[in-house]
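Model, not experiment: these values are computed from the prediction.
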Amino acid sequence: MENQNKNSRNWIFWTLIIVSIIIGFIIYGVMKDQFGLKFLVFFSGAPFLLFVTGAFGLLWPKIKPEGDEVYISHALIIGLLFIILFFIHVWVLFPLICPRFAECLAL
């Protein structure tokens with residue numbers, strides 16, 4: 001029974017990752033010119049949230065703390081994961097949305 005729950009949870013997290021990629025491809029690839037820059041920048045948080053949730057959910061069983069002494073290392077690993085995903089979001093995805101990124105900051 002536990003294996004079935006694990007597989008259904010993994011399926012949900014993989015679905016979140018795939019949905020975030022599909023949303024990103026549709027909104028920021030195919031329909032990019034149909035939306036305003038302000039919408040594109042602010043809406044980029046939605047696929048980012050879905051992707052981070054899926055990635056965190058898939059990694060959680062491998063990095064969850066087992067006792068009191070590992071909480072600090074767990075917090076550092078989670079922080080590192082989020083900062084890496086955030087930097088990918090800011091330094092890879094935002095320049096695709098707005099090639100002259102500095103001009104986009106003055107929304």
**Q** Show the numbers, then the answer: is there a side chain to side chain contact (heavy atoms under 4.5 Å, CB included) between I88 and I84?
**A** CA-CA 6 Å; I88 290 171; I84 289 170; 4.1 Å; yes

**Q** Out of curiosity, does I22 fall in the hydrophobic cluster containing F13 (side-chain heavy atoms, cut-off under 4.5 Å, transitive links)?
**A**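 Yes.
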
**Q** So does W60 have more than 12 non-hydrogen atoms from other groups sitting under 6.0 Å from CH2?
**A**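 Correct, the count exceeds 12.
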
**Q** Side chain to side chain donor-acceptor pair (under 3.5 Å) with S44: which residues, sequence neighbours excluded?
**A**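 Once residues adjacent in sequence are excluded, the partners of S44 under the side chain to side chain donor-acceptor pair (under 3.5 Å) criterion are H89.
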
**Q** Return the CG to CG distance between L40 and D33, rounded to the nearest 0.5 Å.
**A**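 Those atoms lie 9.0 Å apart.
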
**Q** Between I23, I17, I27, V19, which is the residue that forms a side-chain contact (heavy atoms from CB on, under 4.5 Å) with P47?
**A**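 Answer to the side-chain contact (heavy atoms from CB on, under 4.5 Å) test with P47 among I23, I17, I27, V19: I23.
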
**Q** According to ring-ring contact (aromatic ring centres under 6.0 Å, His included), who are the partners of F39, at least two apart in sequence or on a separate chain?
**A**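 By the ring-ring contact (aromatic ring centres under 6.0 Å, His included) rule, F39 matches F35, F43.
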
**Q** Rounded to the nearest 0.5 Å, what separates atom CD1 in I21 from atom CG in L16?
**A**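 Rounded to the nearest 0.5 Å, the CD1-CG separation comes out at 11.0 Å.
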
**Q** Please answer: with hydrophobic residues joined when any side-chain heavy atoms are less than 4.5 Å apart, are L49 and I26 in the same cluster?
**A**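 Not linked; separate clusters.
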
**Q** Rounded at 0.5 Å granularity, tell me how far CZ in F56 sits from CG in L58.
**A**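 Spacing of CZ (F56) from CG (L58) equals 11.0 Å.
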
**Q** Determine the minimum heavy-atom distance between V52 and F82, stating which atoms define it.
**A**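 Looking at all heavy atoms of both residues, the shortest contact is CG1-CE2, 2.6 Å.
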
